[in-house]
Amino acid sequence: MKTYPTKDIRNVVLLGHGGAGKTTITEALAHITGVTGRMGKVDDGNTISDYDKEEIKRKFSISTSVVPIEYKGAEGDIKINILDTPGYFDFVGEVEEAISAADAAIIVVNCKAGIQPGTYRAWDLCEKHNIPRLFFATDMDDDEASFRELVVKLSKEFGRKVAPIQIPIREEGKFVGLVNVVKMKGRKFTKLSDYEECPIPDYVTKQLDTARNALLEAVAETSDEYMERYFEGGEFTHEEISAALKENVQNGSIVPVLMGSGVNCQGMNHLLQAIDKYFPAPSDVECVGVDKASGERFTAKYNDEANLTAKVWKTIVDPFIGKFTLVKVITGVLKSDSTIYNATKDQDEKIGKLYLLRGKEQIEVSELHAGDIGAVSKLTVTGTGDTIALRNAPVEYEKPAISKPYTYMAFNPKNKGDDDKVSSAMQKMLEEDLTLKMVNDVENRQSLLYAIGDQQLDVVKSKLETRYKVEIELSKPRFAYRETIRKKVKVQGKHKKQSGGHGQYGDVIMEFEPSGDLEKPYIFEEKVFGGSVPKNYFPAVEKGLQESVKRGPLAGYPVVGIKATLVDGSYHPVDSSEMAFKMATILAFKQGFMDAGPILLEPIASLKVTVPDSFTGDIMGDLNRRRGRVLGMNSNHHGKQIIEADIPMSELYGYNTDLRSMTGGLGDFEYEFARYEQAPNDIQNAVVAAAEKLNAE
């Protein structure tokens with residue numbers, strides 16, 4: 001593939017609900033532009049972009065794939081970097097990375113299924129990142145696909161900026177062509193995506209008039225001059241409509257709707273024409289960064305002539321194809337066999353060969369110009385989100401905004417002795433997927449794996465087995481409970497042992513009571529009179545306390561909020577020792593704790609749930625069933641409500657799956673630890689019983 005200048009590049013991300021047809025469209029575009037001799041199929045596991053074993057097995061995309069194609073545009077050849085993203089919500093990190101590298105988006109909608117949760121999420125991401133977009137209605141070959149109904153729904157949900165620029169032509173129920181609403185001409189498919197001009201059928205006149213009026217209205221709203229002409233009944237020329245479309249698609253005020261069939265390659269030429277005509281080249285957009293020398297923000301324009309800067313938007317770590325660092329060049333030209341400076345980590349790194357990735361295929365190139373996307377192999381320092389620049393002109397671009405994982409499970413190696421193998425494999429997967437997080441929970445003696453959802457956890461487990469030949473077992477995590485007391489008690493602890501020679505003797509009388517401070521495990525005081533316990537044994541008593549509060553007598557959880565006072569005791573001039581007094585204290589603690597009304601404290605989280613208005617009642621009812629306390633509700637002014645609540649952490653286990661079920665995938669949540677509160681008796685009894693069972697095993 002030849003090297004393309006900035007103005008002849010288009011970086012386009014495919015977004016949409018899982019199963020809408022993004023990968024099939026990618027395959028069709030690659031096929032009609034000569035990349036492949038025959039179209040692959042998702043069900044057959046032979047598509048360009050879904051090449052990973054997990055994707056082939058599960059028949060859906062898990063990672064973002066780059067598929068560069070070449071197209072002969074209206075003003076010459078252009079290169080289109082297609083970023084095919086997963087549609088399932090658990091893999092949103094892949095989508096967020098791809099959007100950070102894209103300059104425009106195609107939101108794929110299955111015409112038969114209509115608007116789905118993934119459609120809304122795709123739109124919201126485009127709004128958040130302010131990138132131009134168009135809708136592509138696929139599966140038009142399905143007899144039950146109604147383009148008219150889809151356009152009505154799209155307009156209702158996303159506003160008057162939605163403008164259909166095509167109308168389907170059907171003969172005997174079959175999708176055979178379309179009407180170009182901009183040029184007002186019929187197009188009949190001949191072979192695959194090729195077409196010939198044809199008369200506009202009479203039966204589409206009404207629908208065409210509606211679409212034409214919607215298009216003209218959208219064009220009229222782009223300027224005062226056009227609006228005045230529109231109201232006076234004036235016409236717009238084809239050139240004026242095209243120019244207005246280009247300008248306003250790029251600024252987001254018009255969102256065209258196109259159509260086709262991915263399976264039959266129909267409509268793909270029209271889609272390529274739209275990408276060429278209406279989507280921006282990198283030279284039309286800007287990238288925000290920070291000058292590290294001055295700390296000031298600046299805006300970089302994509303430009304071949306400036307000093308080299310590039311941002312890393314994705315990392316691939318695969319034992320079969322190797323490690324690749326995917327970059328988007330912002331300014332200058334990135335060349336092979338050169339030294340780069342990682343401005344984020346302040347380190348130099350040598351690069352060897354440069355590649356274009358097309359699925360798993362590696363195409364070697366000598367250089368990449370500003371705006372282009374490529375890959376570097378075997379970098380050791382540079383990772384996702386880092387910026388490449390010149391050492392004497394260090395800049396840093398914004399990192400991809402990646403969703404934070406809140407779903408987690410405990411994990412253990414299935415086979416003893418595999419700890420190091422699992423840890424090494426997990427580190428590689430964490431490098432590849434920023435939505436994964438591994439936490440060593442020392443307190444509960446467990447390793448935790450955080451992800452966006454249960455499906456992602458299952459994929460990780462499967463990848464570890466197939467890629468790295470190690471197996472893990474996932475299980476429900478132990479929650480970070482605490483133990484404390486409610487009453488004041490006075491107890492004696494005596495450690496006495498005689499076994500010939502020096503014996504062991506320690507005797508303490510202690511008072512235990514609530515300290516009122518749950519932030520500290522314990523407060524220690526001594527009120528010993530008359531030397532019944534020599535001062536040199538006081539540190540040993542406190543050591544006994546330090547050891548005791550690590551694992552409470554109730555269920556083995558850390559103890560908090562205890563005040564321990566040494567009031568009396570006795571000693572033996574020969575047999576007493578620090579160890580003896582430490583053991584005596586441990587005995588006193590165990591008895592005193594269980595006599596002082598022991599209770600279990602459960603962690604409480606501050607939860608925020610964001611859902612469309614229509615689901616607020618269901619969500620609040622569910623939170624009440626989970627022992628949550630709803631604190632308030634606020635609108636985010638985008639048709640959604642943010643519900644705030646306090647809820648026990650244990651009740652959030654599995655919440656991600658339940659929230660998606662209740663909201664059809666349109667709900668989001670986040671939480672953070674807030675405080676500890678006394679657990680209800682039934683919860684305490686269940687936790688204590690579980691601890692006893694675990695100890696028995």
Side-chain angles (χ1 to χ4, degrees), residues 442-445 478 480-601 676 684 687-697:
V442 178
E443 177 186 312
N444 289 302
R445 303 179 302 284
R478 279 166 57 88
Y481 293 105
R482 295 285 186 268
E483 299 179 19
T484 193
I485 57 176
R486 289 178 294 181
K487 299 189 300 187
K488 181 176 181 179
V489 295
K490 186 175 182 179
V491 295
Q492 180 180 19
K494 182 179 285 190
H495 179 69
K496 184 177 181 181
K497 196 172 183 182
Q498 193 71 38
S499 57
H502 285 305
Q504 296 181 39
Y505 184 88
D507 177 25
V508 295
I509 297 175
M510 302 187 72
E511 291 178 348
F512 295 98
E513 60 189 305
S515 70
D517 185 358
L518 297 180
E519 297 294 321
K520 296 179 180 178
Y522 68 90
I523 296 172
F524 173 61
E525 292 182 359
E526 54 80 20
K527 294 181 180 178
V528 177
F529 296 99
S532 56
V533 177
K535 287 185 178 181
N536 59 306
Y537 291 129
F538 291 172
V541 173
E542 186 165 7
K543 282 182 182 177
L545 280 173
Q546 287 176 350
E547 193 168 306
S548 297
V549 296
K550 290 178 181 177
R551 284 177 54 83
L554 186 62
Y557 290 97
V559 173
V560 294
I562 297 280
K563 182 179 179 183
T565 307
L566 176 64
V567 295
D568 205 352
S570 62
Y571 75 103
H572 189 281
V574 176
D575 291 347
S576 286
S577 65
E578 288 190 2
M579 178 59 73
F581 272 94
K582 175 184 168 184
M583 296 303 297
T585 303
I586 291 172
L587 292 171
F589 181 87
K590 286 181 179 177
Q591 181 184 337
F593 190 91
M594 297 307 291
D595 291 348
I599 57 171
L600 194 72
L601 301 173
Y676 280 94
Q684 177 167 318
V687 173
V688 170
E692 290 174 349
K693 181 181 178 182
L694 186 66
N695 290 333
E697 293 174 351

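We use all heavy atoms of the structure for the numbers below, so side chains are in, but hydrogens, waters and symmetry mates are not.
Rounded to the nearest 0.5 angstrom, Glu578 CD and Asn536 CG are separated by 7.0 Å. How far CG of Asp507 is from CD of Gln492: 4.5 Å, rounded to the nearest 0.5 Å. The line from OG of Ser576 to NZ of Lys496 is 11.0 Å long, rounded to the nearest 0.5 Å. Expressed to the nearest 0.5 Å, how far OG1 of Thr565 lies from CE of Met510 amounts to 7.5 Å. The distance from atom CD of Gln546 to atom NZ of Lys582, rounded to the nearest 0.5 Å, is 9.0 Å. From Leu554, atom CG reaches atom CD1 of Ile485 across 12.0 Å, with rounding to the nearest 0.5 Å.
Between Ser548 and Gly544, the shortest heavy-atom distance links the atoms OG-O, 2.8 Å. Minimum interatomic distance between Ala584 and Gly506 (heavy atoms only, all atoms of both residues): CB-O, 3.5 Å. When every heavy atom of Gly493 is checked against every heavy atom of Leu587, the shortest pair comes out as CA-CB, 4.5 Å. Nearest heavy atom pair, residue Gly552 against residue Val559, reads CA-CG2, 3.5 Å.
Counting only residues at least two apart or in different chains, ring pair (Phe, Tyr, Trp, His ring centres under 6.0 Å) contacts with residues 539-573 comprise Tyr481-Tyr557.
Between Glu547 and Lys543, every side-chain heavy-atom pair lies at or beyond the 4.5 Å cut-off. Between Gln684 and Ile599 there is a side-chain heavy-atom pair separated by less than 4.5 Å. Residues Glu483 and Leu600 have side chains in contact (heavy-atom distance under 4.5 Å, counting atoms from C-beta outward). Counting heavy atoms from C-beta on, the side chains of Leu518 and Arg482 never come closer than 4.5 Å. Glu525 is not listed as a side-chain neighbour of Glu511, based on a closest heavy-atom distance of 4.5 Å or more. For the pair Tyr505 and Val574, the minimum side-chain heavy-atom distance is 4.5 Å or more. Using a 4.5 Å heavy-atom cutoff, the side chains of Asp568 and Val533 are not in contact.
Side-chain atoms of Ser515 never come within 3.5 Å of backbone atoms of Tyr522 as a donor-acceptor pair (strictly under, hydrogens ignored). When atom types are taken as modelled, the side chain of Ser532 and the backbone of Ser570 share no donor-acceptor pair closer than 3.5 angstrom. Judged by distance alone, with hydrogens and angles left aside, the side-chain atoms of Gln504 form no donor-acceptor pair with the main-chain N or O of Met579 at under 3.5 Å.
Ring pair Phe589/Phe512: centre-to-centre distance below 6.0 Å.
Partners of Tyr537 under the ring pair (Phe, Tyr, Trp, His ring centres under 6.0 Å) rule, at least two apart in sequence or in another chain, are Phe581. Take Tyr676 and apply the ring pair (Phe, Tyr, Trp, His ring centres under 6.0 Å) test, not counting sequence neighbours, and it matches Phe673.
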